[in-house]
Amino acid sequence: MRLSFKILIIWVKPPGTIELKTSFGDLTMEKGIRIVDLLGKEEEYTGKKALVQGWVRTKRDSKAGICFIEINDGSCMKSLQVIAELDREDYSELLKKITTGSAILVEGAVSASPGKGQSIELHAERIHLYGWADPALYPLQKKRHSFEYLRQIAHLRPRTNTIGAAARVRNRLSYAIHQFFQNLGFHYIHTPIITASDCEGAGEIFRVTTLDPVHPVDTTEEDPYRNDFFAKPAFLTVSGQLQAEIYALALGRVYTFGPTFRAENSNTSRHLAEFWMVEPEMAFYDLEDDLDLAQAFIKKLVGVVLDDCGEELEFFARFIEPELMARLQNAAQSAFEVITYSEAVDILIKSSEKFAFPVQWGVDLQSEHERYLTERVFKKPLGIINFPRSLKPFYMRVNDDEKTVAAMDILVPGIGEIIGGSQREERLDLLLEQMRIKEISADDYRWYIELRQFGSVPHSGFGLGLERMMQFVTGIQNIREVIPFPRTPGHVEF
RNA sequence: UCCCCGGUAGCUCAAUGGCAGAGCGGGUGGCUGUUAACCACUAGGUUGAUGGUUCGAGUCCGUCCCGGGGAGCCA
């Protein structure tokens with residue numbers, strides 16, 4: 001029997017064209033240099049040849065015999081200026097066809113640019129047009145578009161500066177999340193997407209079923225879900241926390257990072273039906289340890305973006321949020337303020353601020369209260385701990401005062417709550433009491449209870465919404481712009 | 001889901017109840033080492049849908065759909 005194999009060849013061809021060719025059968029595809037790499041080594045490439053591939057942002061003809069093409073390949077904010085000669089026999093006809101949005105390859109010599117706005121440019125010796133874009137129909141113009149419009153063309157919007165930059169920052173953040181936890185010895189656990197845990201305090205949930213929607217379950221039957229796929233009600237997860245606890249009580253320190261679903265009919269700039277959440281869970285951590293970790297985590301994420309996404313931040317600061325850099329520097333450098341819920345209530349009551357919702361001990365803090373505290377009083381990230389027991393879910397650890405639980409919320413200016421976490425109730429009797437008060441079925445959570453029966457330990461964890469973090473570090477106001485394909489009530493396009 | 005604001009050309013927006021408009025984008029021509037280029041000409045509309053008031057509705061009223069801001073819920 002003959003073995004078939006695919007060959008990957010990489011070679012550097014003097015005087016500097018880096019090519020990478022893959023052979024899949026008889027198809028050969030050229031691979032050029034990414035624009036970010038080219039611009040990062042301007043001096044090295046000046047005077048040498050390079051091959052780039054990307055999408056045309058704009059083209060300007062000059063009757064002096066040349067044409068300027070701005071090509072962007074998504075590797076960075078910057079586009080590369082290509083100089084093409086209008087009267088060249090080999091590509092002059094092709095040049096006429098190149099329009100904004102077209103996908104092209106350009107090979108040529110890199111030289112210093114005499115014009116303003118760019119240090120180097122590429123003088124085309126060979127041009128290839130992969131895919132033309134009809135200028136009468138291409139929906140993206142050179143000028144600014146509204147985010148509402150771009151959302152309708154989510155298949156093309158990553159080609160814009162803002163959405164492209166957001167995608168690169170999101171990638172860097174995601175990587176940094178793994179780096180942060182891996183460096184601290186955390187294990188990445190894949191908690192289930194489909195779950196039968198349907199309460200946990202979270203609101204509406206998505207049902208997962210293979211039952212015929214036209215003929216829904218007969219509720220008069222003894223077991224209406226008998227014929228459903230899982231033979232019982234199943235849902236999309238609203239949190240991986242409870243399962244993460246299982247692994248924390250075996251591997252010590254773990255985290256989950258994956259999609260999370262809420263079927264709430266929330267129409268706001270801060271809510272999605274499908275979003276990504278990071279949930280660390282640590283054995284032998286109390287609330288203070290939890291808080292310390294959360295603070296270090298936020299500082300690390302902000303620091304990484306400041307260090308590695310400079311161009312993107314500069315762009316966001318210029319066009320989206322002027323205060324962005326100050327906000328991020330502040331979050332990366334200053335220590336977070338931490339107060340108790342009771343202290344927060346005192347501050348709010350003593351303030352002269354007029355709130356739409358009056359404050360008193362025992363009621364939940366409203367958005368206006370949170371914003372006042374983090375934006376007006378402390379002007380930096382703020383942790384609030386020890387909330388009234390009645391306001392928080394059953395799994396949070398009851399404090400000695402028996403009135404509060406070891407919960408923590410971290411609020412940031414401009415966004416509000418970005419992290420919610422707690423020390424978990426590890427004492428069997430108190431957990432059962434909490435479940436009884438909150439009317440949680442002990443049968444459904446047998447396994448969760450058994451974690452307290454067999455080798456229970458103090459443990460803590462928190463959840464951070466990736467998109468909320470994205471909003472914080474980019475300054476982009478609507479959460480629908482920081483996720484590639486937003487799912488909100490009435491919207492599952494793309 | 002509730003409150004407020006909006007929906008007019010491909011995009012961003014004008015238009016006292018009285019002829020449907022501009023800028024940008026597109027097309028054509030001109031000019032220029034250009035940079036969100038510039039100049040001229042040109043094409044482009046069932047004013048979100050539906051019902052009503054009126055001699056006459058983009059404009060006023062009802063209902064619905066969609067978008068934005070805020071609220072609730074939360075991450």
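Chain letters run A, B, ... following the sequence lines, proteins first, then strands; residues in each count from 1. Atom set for the values below is all heavy atoms of this structure, side chains included, hydrogens, waters and symmetry mates excluded.
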Checklist entry - Taking atom C1' of B/G10 as reference, at what distance in whole Å does atom CD of A/Q152 sit? => result 12 Å
Next on the checklist: Between the base of B/C74 and the side chain of A/H271, is there a donor and acceptor pair under 3.5 angstrom?
Outcome noted: yes
Next on the checklist: By the 4.0 Å heavy-atom rule, please label A/E417 as base, sugar-phosphate, or nothing.
Outcome noted: sugar-phosphate
Checklist entry - What interatomic distance, in whole Å, is found between C1' of B/G44 and the corresponding atom of B/G21? => result 13 Å
Checklist entry - For A/Q152 and A/E148, does a side-chain donor sit closer than 3.5 Å to a side-chain acceptor? => result no
Checklist entry - When you compare B/G29 with B/A43, how far apart are their C1' atoms, in angstrom units rounded to a whole number? => result 15 Å
Next on the checklist: When you compare the ring of A/F275 with the six-membered ring of B/A75's base, are the centres less than 5.5 Å apart and the planes under 30° from each other?
Outcome noted: yes
Item to check | Side-chain H-bond candidate by donor/acceptor type, A/R424 with A/S422, under 3.5 Å | outcome: yes
Checklist entry - Given atom NE2 of A/H123 and atom C1' of B/U34, what is their separation to the nearest angstrom? => result 13 Å
Next on the checklist: Taking any heavy-atom pair under 4.0 Å as a contact, classify A/P135: base, sugar-phosphate, or nothing.
Outcome noted: sugar-phosphate
Item to check | Gap between atoms NZ and P, on A/K142 and B/G10 respectively (whole Å) | outcome: 20 Å
Checklist outcome for this item: By side-chain contact (heavy atoms from CB on, under 4.5 Å), A/H145 pairs with (sequence neighbours left out) A/L140, A/Q141, A/Y149, A/L150
Checklist entry - With sugar-phosphate meaning primed atoms plus P, OP1 and OP2, does A/D61 contact a base, only sugar-phosphate, or nothing at under 4.0 Å between heavy atoms? => result base
Item to check | Nearest-angstrom distance, P atom, B/C64 to B/G27 | outcome: 43 Å
Next on the checklist: Quick check on B/G33: is either OP1 or OP2 less than 4.0 Å from any side-chain nitrogen or oxygen of A/S113?
Outcome noted: no
Checklist entry - What nucleic acid atoms does A/R270 come within less than 4.0 Å of, heavy atoms only: base, sugar-phosphate, or nothing? => result base
Checklist outcome for this item: Heavy-atom nearest nucleotide on RNA chain B taken for A/R60 and for A/N267; more 5' hit belongs to A/N267
Item to check | Polar pair under 3.5 Å, donor/acceptor by atom type, side chain A/S266, base B/C74 | outcome: no
Checklist entry - Whole-Å distance between B/U32 P and A/L86 CG? => result 13 Å
Checklist entry - Base, sugar-phosphate alone, or nothing: which one does A/I419 contact when heavy atoms must sit under 4.0 Å apart? => result sugar-phosphate
Next on the checklist: Taking any heavy-atom pair under 4.0 Å as a contact, classify A/E121: base, sugar-phosphate, or nothing.
Outcome noted: base
Checklist entry - Reckon A/F68 touches a base, only the sugar-phosphate, or nothing at all at heavy-atom distances under 4.0 Å? => result base
Checklist entry - With a non-hydrogen cut-off below 4.0 angstrom, is A/I418 in contact with a base, only sugar-phosphate, or nothing? => result sugar-phosphate
Next on the checklist: I need the A/Q423 CD to A/L287 CG distance, nearest 0.5 Å.
Outcome noted: 6.5 Å
Item to check | Sugar-phosphate only, base, or nothing, as touched by A/R57 at under 4.0 Å among non-hydrogen atoms | outcome: nothing
Item to check | Neighbour count above 12 (heavy atom, 6.0 Å) for A/Q118 CD | outcome: yes
Checklist entry - Atom CD of A/E279 and atom P of B/C74: how far apart are they, to the nearest Å? => result 15 Å
Checklist entry - Once you round it to whole Å, what is the distance between C1' of B/A36 and CD1 of A/I69? => result 18 Å
Item to check | Residue pair A/Q53 / A/Y130, side-chain donor-acceptor N/O under 3.5 Å | outcome: yes
Item to check | Pairing pattern in dot-bracket form [Watson-Crick, G-U; both distances under 3.5 Å; | = partner strand] for RNA chain B | outcome: (((((((..((((....[..)))).(((((.......))))).....(((((..]....))))))))))))....
Next on the checklist: Just checking A/F355 against A/Y372, ring centres under 6.0 Å apart?
Outcome noted: yes
Checklist entry - Which pairs count as salt bridge (charged side-chain N to carboxylate O under 4.0 Å, His left out) when at least one residue sits in residues 356-377 of chain A, sequence neighbours excluded? => result A/E353-A/R376
Checklist entry - Which part of the nucleic acid, if any, lies within reach of A/Q118 when heavy atoms closer than 4.0 Å are counted: base, sugar-phosphate only, or nothing? => result base
Next on the checklist: Distance criterion of 3.5 Å, no angle test: do you see the side chain of A/R144 paired donor-to-acceptor with the base of B/C24?
Outcome noted: no
Checklist entry - A/Q366 near the nucleic acid: base, sugar-phosphate alone, or nothing, with a heavy-atom cut-off under 4.0 Å? => result sugar-phosphate
Next on the checklist: Please classify the nucleic acid contact of A/T260 as base, sugar-phosphate, or nothing, using heavy-atom distances under 4.0 Å.
Outcome noted: nothing
Checklist entry - For B/G72, does either OP1 or OP2 sit under 4.0 Å from a side-chain N or O belonging to A/R262? => result no
Checklist entry - Any side-chain donor paired with an acceptor under 3.5 Å for A/T268 and A/H271? => result yes
